[in-house]
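Beneath this line is the structure, given in structure tokens, with notes to follow.
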2 protein chains.
Amino acid sequence: MSKLTIQNIADLAGVNKATVSRVLNGNTNISEKTRLKIEKIMKEHNYVPNSIARGLAFNKTFTVGFCFDYTDKKAFANPFFYKVLQGIEDVIYDNEYLFLMMSDHDKKGGKSTFERIVEEHRVDGLLLPDTLLNQANYDLLMKHEMPFVIIGEHSLRQEGVRWVDVDNVQAAAILTERLIALGHRSIVMYAGAAEVRRDKFIADRMEGYKAVMEQRGLEARIMEQADSLGALKAFEGGEAGDGGQNPEAVICCTHELLFEMLDWEHGNPMLKEISLATFDNYPMFRHLKHPVHYVEIDLEMMGKQAAGLLFSLINKEADPAQSIRIPTSIVN
Amino acid sequence: MSKLTIQNIADLAGVNKATVSRVLNGNTNISEKTRLKIEKIMKEHNYVPNSIARGLAFNKTFTVGFCFDYTDKKAFANPFFYKVLQGIEDVIYDNEYLFLMMSDHDKKGGKSTFERIVEEHRVDGLLLPDTLLNQANYDLLMKHEMPFVIIGEHSLRQEGVRWVDVDNVQAAAILTERLIALGHRSIVMYAGAAEVRRDKFIADRMEGYKAVMEQRGLEARIMEQADSLGALKAFEGGEAGDGGQNPEAVICCTHELLFEMLDWEHGNPMLKEISLATFDNYPMFRHLKHPVHYVEIDLEMMGKQAAGLLFSLINKEADPAQSIRIPTSIVN
DNA sequence: ATTAATTATGCAACCGGTTGCATTGAAGGA
DNA sequence: TCCTTCAATGCAACCGGTTGCATAATTAAT
């Protein structure tokens with residue numbers, strides 16, 4: 001009973017299945033009478049065309065994918081990430097597409113999920129975090145002419161690489177301005193270990209911070225110790241601040257670094273005198289022992305923009321946007 | 001170049017495409033020689049069969065879906081939820097399936113996402129939160145013979161309804177035992193507003209709490225005010241505790257309720273003397289102004305069990321498990 | 001060496017839609 | 001009235017696979 005095909009409908013209406021197909025796709029060369037009859041029958045029998053067959057004929061899947069690193073701490077392990085997904089999902093729904101989500105399990109013997117998705121043409125377009133776009137994946141995407149948009153700025157400036165990201169330079173600048181407005185002059189940035197600082201978004205935050213400090217005639221100081229424990233130790237000794245003094249404020253580049261600070265605070269009550277600031281907005285910040293300043297990053301907007309850009313690529317719109325930068329605003 | 005079909009491979013190997021298909025599907029009736037030749041050619045040309053065409057022929061999608069309420073605070077808005085998804089994803093990957101995720105946008109004019117997924121047969125099986133299984137959706141699933149598993153215990157005890165959930169009775173019991181072991185005797189449960197308390201998991205937590213209290217000869221007291229503000233007010237006045245006294249510990253049924261408590265704390269420093277406990281483990285708990293006791297809920301396991309159960313339904317295994325309850329353990 | 005049994009492969013239909021082209025039928029023009 | 005034009009519909013091929021059945025090729029048995 002649930003296996004109604006287009007042929008069944010055609011038989012019931014006494015027409016050829018091609019005619020039914022034309023009704024389904026809004027073809028205009030159909031007489032009013034026939035169309036109404038077919039529509040009535042379809043409705044009566046609650047007919048829904050098989051999406052697989054449709055996909056085969058159209059050579060499309062009407063599905064957009066999101067593939068992320070299985071181990072990517074920035075994606076799912078990030079408690080804010082669902083907001084990006086919400087934004088993506090909204091746009092996908094408006095376009096009457098579906099959302100296929102997967103993590104890129106590495107190939108144990110076979111193909112990786114990423115390879116399978118692209119090679120099997122399981123989606124019409126792909127969203128992926130910057131961490132996932134290496135040269136091999138890029139080549140695969142291009143070979144299969146698969147439209148894609150990167151979530152997070154990518155340093156690979158090759159043809160066809162489009163990304164959507166927060167304006168981290170601006171965010172850091174806003175945050176620094178805010179701390180200055182609060183009367184602070186000795187402001188330090190805690191950027192984490194060396195390998196972390198190679199990330200583009202960290203570099204951008206450092207840049208934004210430095211620019212404002214310089215412009216205001218203040219000394220920019222970035223904690224550059226090899227590992228974070230070392231950083232905290234130096235901080236404890238006063239080396240990170242002005243002339244051996246503790247700084248008045250510390251900007252933590254990630255919430256993990258902020259938590260390190262807070263952990264460390266347990267044994268160093270004097271830290272309570274220092275203003276802390278960071279770039280994410282946990283709803284729980286206001287319950288922290290230590291008040292935190294932060295900028296609001298509109299992740300939902302980021303998802304929306306990324307999905308919107310992807311659709312303009314899928315639909316081969318005349319003039320698709322290039323990469324997009326989302327502005328931020330101060331909240332607290 | 002990237003549009004290699006089975007026919008191309010057959011031509012290159014000088015065989016019929018049926019033979020290639022048999023090699024693809026591991027059919028044994030193929031001579032060693034022919035198989036090796038075809039496999040070599042497939043590898044050389046990096047041929048990957050079109051999954052859509054395959055799906056049409058098999059009448060399968062090799063995809064499992066997860067559909068959740070768009071507005072469901074318990075799903076995506078829940079910062080723990082990604083762990084469930086991780087668990088699901090792992091099992092799906094092991095089964096060489098794909099994971100289709102969507103929120104159930106309500107029908108504006110057309111069908112809801114849920115209806116589309118089921119009617120178009122876009123997935124071979126569906127996972128969904130208990131909130132999404134109303135009678136209409138149940139009927140639709142049964143009509144289309146779509147296997148499904150509910151995430152979260154469902155009160156609808158109809159045929160074919162299987163769910164996976166945490167053992168909330170046990171979790172509350174463990175938590176209560178813990179507080180008693182800490183020396184507390186006056187322990188109150190904060191269960192939130194009436195409409196919240198109608199949720200099965202809240203009722204279970206109340207039950208587990210009551211059982212232990214009774215068993216230990218202690219008085220179980222549940223804050224039952226119509227709204228949470230009222231509850232806090234009464235609490236403030238001492239009504240919720242023993243004989244007008246403040247309780248020694250409060251078990252908050254959700255993290256939202258815990259946050260309400262913490263918010264309220266600002267104006268009521270005496271709350272600091274009271275132990276707080278709840279059922280979720282934010283990694284950030286340890287940074288809270290107020291220490292919190294909690295049980296560890298293995299959400300990843302929950303996702304794994306749910307997906308595993310779904311696959312045994314999809315594969316029509318002889319004796320699929322009924323609903324599954326995941327045990328919990330105390331952490332702090 | 002001949003026939004029977006078995007294995008390997010080809011043929012063609014099928015999954016459920018879409019679409020270019022041919023055909024029918026009705027309306028318009030001379 | 002006959003011919004042209006165009007809208008409405010049918011026919012059949014196609015999308016890229018799978019599979020039952022028939023046939024060819026090989027092996028085993030007599």
Side-chain angles (χ1 to χ4, degrees), chain A residues 1-39 41-42 45-63 96 116 119-124 144-145, chain B residues 1-39 41-42 45-63 96 116 119-124 144-145:
Chain A
M1 77 173 320
S2 71
K3 278 251 172 189
L4 220 47
T5 73
I6 198 173
Q7 186 63 60
N8 301 143
I9 300 297
D11 293 345
L12 287 167
V15 299
N16 188 279
K17 64 177 182 166
T19 305
V20 179
S21 174
R22 291 189 182 102
V23 170
L24 277 176
N25 294 290
N27 193 311
T28 49
N29 287 351
I30 297 281
S31 73
E32 190 73 6
K33 200 180 61 172
T34 314
R35 175 156 52 78
L36 289 175
K37 182 171 64 177
I38 292 176
E39 279 172 352
I41 292 178
M42 292 197 301
H45 293 74
N46 200 24
Y47 165 70
V48 177
N50 180 311
S51 63
I52 304 282
R54 222 149 193 245
L56 182 57
F58 278 128
N59 198 26
K60 286 191 73 172
T61 61
F62 302 102
T63 305
E96 305 214 308
R116 282 185 54 202
E119 291 179 340
E120 295 177 13
H121 291 96
R122 298 278 297 230
V123 295
D124 294 345
H144 290 271
E145 297 173 14
Chain B
M1 76 174 323
S2 71
K3 277 250 172 189
L4 220 47
T5 74
I6 197 171
Q7 187 63 60
N8 301 142
I9 300 297
D11 293 346
L12 286 167
V15 299
N16 189 279
K17 62 177 183 168
T19 305
V20 179
S21 174
R22 290 188 184 105
V23 170
L24 277 175
N25 293 291
N27 192 310
T28 49
N29 287 351
I30 298 280
S31 73
E32 191 73 5
K33 199 182 60 173
T34 315
R35 175 154 52 79
L36 289 175
K37 181 170 65 178
I38 292 177
E39 279 172 352
I41 292 178
M42 292 198 300
H45 293 77
N46 200 23
Y47 166 70
V48 177
N50 180 310
S51 64
I52 305 281
R54 225 151 190 244
L56 181 57
F58 278 127
N59 197 28
K60 286 191 74 172
T61 61
F62 302 103
T63 305
E96 305 213 308
R116 281 185 55 201
E119 291 180 342
E120 295 177 14
H121 291 94
R122 298 278 297 229
V123 295
D124 294 345
H144 290 270
E145 296 173 14

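Values reported hereafter were calculated over all heavy atoms of this structure, with side chains retained and with hydrogens, waters and symmetry mates removed. By convention in this document, chain letters (A, B, ...) are assigned in the order of the sequence lines, proteins followed by strands, and residues within each chain are numbered from 1.
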Is any side-chain N or O of A/Ser31 closer than 4.0 Å to OP1 or OP2 of D/dT9?
-> yes
CG of A/Leu36 to CD of A/Glu32, rounded to nearest 0.5 Å, is 5.0 Å
Hey, does A/Met42 have a side-chain heavy atom less than 4.5 Å from the side chain of A/Leu24?
-> yes
In Å, rounded to the nearest 0.5 Å, how long is the span from OH of B/Tyr47 to CD1 of B/Ile38?
-> 11.0 Å
Here the gap from A/Leu4 atom CG to B/Glu119 atom CD, rounded to the nearest 0.5 Å, amounts to 11.0 Å
Could you tell me which non-hydrogen atom of B/Arg116 sits nearest to which non-hydrogen atom of A/Glu96, and how far apart they are?
-> NH2-O, 3.4 Å
Identify every side-chain donor-acceptor pair in residues 50-58 of chain B under 3.5 Å, counting partners at least two apart or on other chains, and give the distances.
unit_1: B/Asn50; atom_1: OD1; unit_2: B/Ile52; atom_2: N; d: 2.7
unit_1: B/Asn50; atom_1: OD1; unit_2: B/Ala53; atom_2: N; d: 3.0
unit_1: B/Ser51; atom_1: OG; unit_2: A/Glu120; atom_2: O; d: 3.2
unit_1: B/Arg54; atom_1: NH2; unit_2: B/Asn25; atom_2: OD1; d: 3.1

Considering only distance and modelled atom types, tabulate donor-acceptor pairs under 3.5 Å from the side chains of residues 5-14 of chain B, sequence neighbours left out.
unit_1: B/Thr5; atom_1: OG1; unit_2: B/Gln7; atom_2: N; d: 3.2
unit_1: B/Thr5; atom_1: OG1; unit_2: B/Asn8; atom_2: N; d: 3.4
unit_1: B/Thr5; atom_1: OG1; unit_2: B/Asn8; atom_2: OD1; d: 3.4
unit_1: B/Gln7; atom_1: NE2; unit_2: B/Asp11; atom_2: OD1; d: 3.1
unit_1: B/Asn8; atom_1: OD1; unit_2: B/Thr5; atom_2: N; d: 2.8

Using five pairs at either end of the helix from C/dA1-D/dT30 to C/dA30-D/dT1, determine the angle between the two local helix axes and round it to 10 degrees.
-> 50°
Short question: side chain of A/Thr61, backbone of A/Asp124 - any donor-acceptor pair under 3.5 Å?
-> yes
Can you tell me how far P of D/dA7 sits from NZ of A/Lys33, to the nearest Å?
-> 18 Å
Distance, rounded to the nearest Å, where B/Asn29 contributes CG and D/dT26 contributes P = 16 Å
Sorted by number, residues from residues 51-61 of chain A placing a heavy atom under 4.0 Å from DNA chain C are A/Ala53, A/Arg54, A/Leu56, A/Ala57, A/Phe58
Chain B on DNA chain C: first and last contacting nucleotide, 5' to 3', under 4.0 Å to a heavy atom?
-> C/dA8 to C/dG16
If we only count heavy atoms from C-beta on, is the B/Asn29 to B/Arg22 side-chain gap below 4.5 Å?
-> no
Strand contacts (DNA chain C) in residues 12-21 of chain A, 4.0 angstrom heavy-atom criterion | A/Lys17, A/Ala18, A/Ser21
